[in-house]
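For reference, positions follow the sequence shown, starting with 1. Because only heavy atoms are used, hydrogens play no part in the values below, and waters and symmetry mates are left out as well, while side chains stay in.
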Amino acid sequence: MNLRQLEFFRMLADTQHMTHAAKLLNTTQPNLSHSMSELEKELDAQLFEKKGRNIQLTKYGKFFYTYVSTALEELAKGERALKELVSPEKGLIDFGFIYTAGSFLAPMLMKEFSAYPGNEQIRFHLFQGNSSDMTDLLLKEDVDLAITSKLKEDEQLNYEILTEQEIVLIVPVDHPLASYDSISLKETSAYPFVYFNQRSGLRPYLDKMLTAASVTPNIICEVEEDHTMLGFVAHNYGIALMPKIPSISAYNVKMITLKDNFFPRYIYLATKKDHFLSPAALRFKEFIVSFAQNMFYE
């Protein structure tokens with residue numbers, strides 16, 4: 001049994017005329033007749049019977065017709081939906097980004113992309129999490145592309161640098177360090193830290209920073225994302241190292257720049273190397289890379 005046989009069956013059932021059905025199907029009457037005979041043999045049931053010069057469905061044919069008609073309609077709907085999904089003008093993009101990118105970078109890129117002529121009807125399905133989450137989603141092909149940090153080299157993933165991210169110190173407004181506008185990491189060693197947890201892409205980078213400064217942090221609690229960290233610092237749980245993001249100003253904390261010269265902290269656009277990108281997703285990827293180069297490297 002194949003799709004063409006089912007299409008033949010439905011057309012013949014609808015027209016109840018072998019010659020007319022063959023013409024509509026752009027095939028010959030003998031070919032149509034042979035195809036239906038083979039289908040009946042496979043099903044071990046008579047589907048059609050003669051009625052004068054025409055033919056009609058048997059009770060078994062009527063029973064089978066309901067399933068065939070539904071199946072073909074669902075396939076047609078699936079074909080239309082898939083074409084829309086991969087359409088350059090009306091496609092759906094599965095887009096992931098780390099928490100840090102959610103307050104500015106991701107929405108800004110989406111807004112700029114959607115405002116470009118021809119992109120207005122492209123839709124987004126959004127995923128947010130930490131860098132470990134983004135890696136998992138990319139490898140499972142649940143997202144087409146993701147803004148993330150690089151936890152480690154992975155031969156299945158491709159990373160393109162988008163921007164460099166500044167790390168700053170956050171302290172409660174009434175903290176002893178709040179009088180500083182800039183500080184070295186060595187001067188933070190006496191205070192407890194609110195720290196990113198092990199799944200965060202920032203964790204290994206911050207560990208490396210503090211080790212280079214000969215600081216062993218007294219970690220009072222671990223959190224997963226930036227706004228939780230800001231909330232804990234604002235409530236005097238400790239101090240924290242985190243990316244410089246616009247939403248810091250919304251919390252009752254003091255942001256202090258770091259004097260230390262560190263290796264850069266990069267944010268990447270990541271894709272899976274063998275993952276098919278729809279025309280819309282490919283267009284978004286190319287837009288992001290071009291936009292980032294113009295914005296951050298001019």
Side-chain angles (χ1 to χ4, degrees), residues 1-96 118-119 121-127 133-146 154-158 270-285:
M1 187 187 308
N2 56 52
L3 182 60
R4 190 64 170 153
Q5 279 181 308
L6 298 180
E7 291 171 342
F8 280 11
F9 168 78
R10 183 173 66 170
M11 182 62 73
L12 187 54
D14 288 342
T15 61
Q16 298 186 19
H17 197 282
M18 186 71 71
T19 304
H20 186 40
K23 185 177 180 180
L24 291 173
L25 291 165
N26 196 28
T27 189
T28 64
Q29 183 176 327
N31 186 44
L32 175 57
S33 179
H34 175 72
S35 180
M36 293 302 93
S37 294
E38 291 298 309
L39 182 60
E40 288 179 327
K41 287 179 184 178
E42 184 175 347
L43 295 172
D44 197 23
Q46 184 179 343
L47 302 175
F48 296 97
E49 59 187 2
K50 288 187 177 181
K51 183 182 181 183
R53 299 180 63 181
N54 292 349
I55 59 174
Q56 65 181 14
L57 290 171
T58 65
K59 67 175 183 178
Y60 305 111
K62 291 177 182 177
F63 176 83
F64 189 52
Y65 179 87
T66 303
Y67 291 94
V68 171
S69 182
T70 301
L72 291 176
E73 287 172 7
E74 287 299 308
L75 283 172
K77 285 195 291 185
E79 181 182 3
R80 291 192 298 270
L82 180 59
K83 286 180 178 178
E84 184 172 322
L85 280 177
V86 300
S87 165
E89 290 79 28
K90 296 183 179 180
L92 175 66
I93 301 171
D94 292 315
F95 180 36
N119 296 341
Q121 296 185 68
I122 292 175
R123 296 170 294 126
F124 289 89
H125 187 196
L126 303 180
F127 300 79
D133 296 328
M134 293 304 107
T135 299
D136 293 342
L137 289 168
L138 285 164
L139 292 175
K140 291 189 297 183
E141 301 188 0
D142 288 337
V143 298
D144 297 311
L145 59 168
D154 191 314
E155 62 181 15
Q156 298 184 71
L157 300 179
N158 182 61
T271 53
K272 190 178 180 186
K273 290 179 180 178
D274 60 352
H275 176 57
F276 167 76
L277 288 180
S278 69
L282 185 59
R283 182 186 293 186
F284 186 47
K285 177 188 176 185

Would you say L139 and D154 make side-chain contact, with heavy atoms under 4.5 Å? yes
Considering residues, nucleotides and ligands other than D44, do more than 12 of their heavy atoms fall under 6.0 Å from its CG? no
Are T271 and L157 side-chain neighbours, meaning at least one heavy-atom pair lies under 4.5 Å? no
Return the set of residues passing side-chain hydrogen bond (donor to acceptor under 3.5 Å, both in side chains) with K50 (not counting sequence neighbours), or none when no residue passes. none
Is the shortest side-chain heavy-atom distance between Q156 and D274 below 4.5 Å? no
Would you find a donor on one side and an acceptor on the other, under 3.5 Å apart, between the side chain of E38 and the backbone of S33? no
Please name all residues satisfying side-chain hydrogen bond (donor to acceptor under 3.5 Å, both in side chains) with Q16, sequence neighbours left out, ordered by chain then number. none
Could I get the full list of salt bridge (charged side-chain N to carboxylate O under 4.0 Å, His left out) partners for R10, not counting sequence neighbours? none
For K77, salt bridge (charged side-chain N to carboxylate O under 4.0 Å, His left out) partners two or more places apart: E74
Does L39 have any side chain to side chain contact (heavy atoms under 4.5 Å, CB included) partners at least two apart in sequence or in another chain, and if so, which? M1, Q5, F9, M36, L43, L47, F64
Can you tell me how far CD of E141 sits from NZ of K272, rounded to the nearest 0.5 angstrom? 4.0 Å
Name all pairs fulfilling the side-chain hydrogen bond (donor to acceptor under 3.5 Å, both in side chains) condition that reach into residues 64-73, sequence neighbours left out, sorted by first residue then second. D14-Y65, S69-E73
Could you list the residues that satisfy side chain to side chain contact (heavy atoms under 4.5 Å, CB included) with L126, not counting sequence neighbours? F95, F97, M110, F124
Atom pair CG/CG of L138 and L145 - distance to nearest 0.5 Å: 8.0 Å
Kindly state each residue pair satisfying side-chain hydrogen bond (donor to acceptor under 3.5 Å, both in side chains) with at least one member in residues 20-30, sequence neighbours excluded. T19-Q29, T27-N31
L25 side, atom CG; E7 side, atom CD - distance, nearest 0.5 Å: 8.0 Å
Salt bridge (charged side-chain N to carboxylate O under 4.0 Å, His left out) partners for E49, two or more places apart: none
With heavy-atom distances below 4.5 Å as the criterion, would you say the side chains of I122 and I93 are in contact? yes
Considering residues at least two apart in sequence or located in another chain, which fulfil the side-chain hydrogen bond (donor to acceptor under 3.5 Å, both in side chains) criterion with H125? D94
Which residues pass the side chain to side chain contact (heavy atoms under 4.5 Å, CB included) test with D133, sequence neighbours left out? N130, R199, E224
Residues forming a side-chain hydrogen bond (donor to acceptor under 3.5 Å, both in side chains) with E42, sequence neighbours excluded: none
With side chains defined as the heavy atoms from C-beta onward, is the minimum distance between L3 and L72 less than 4.5 Å? yes
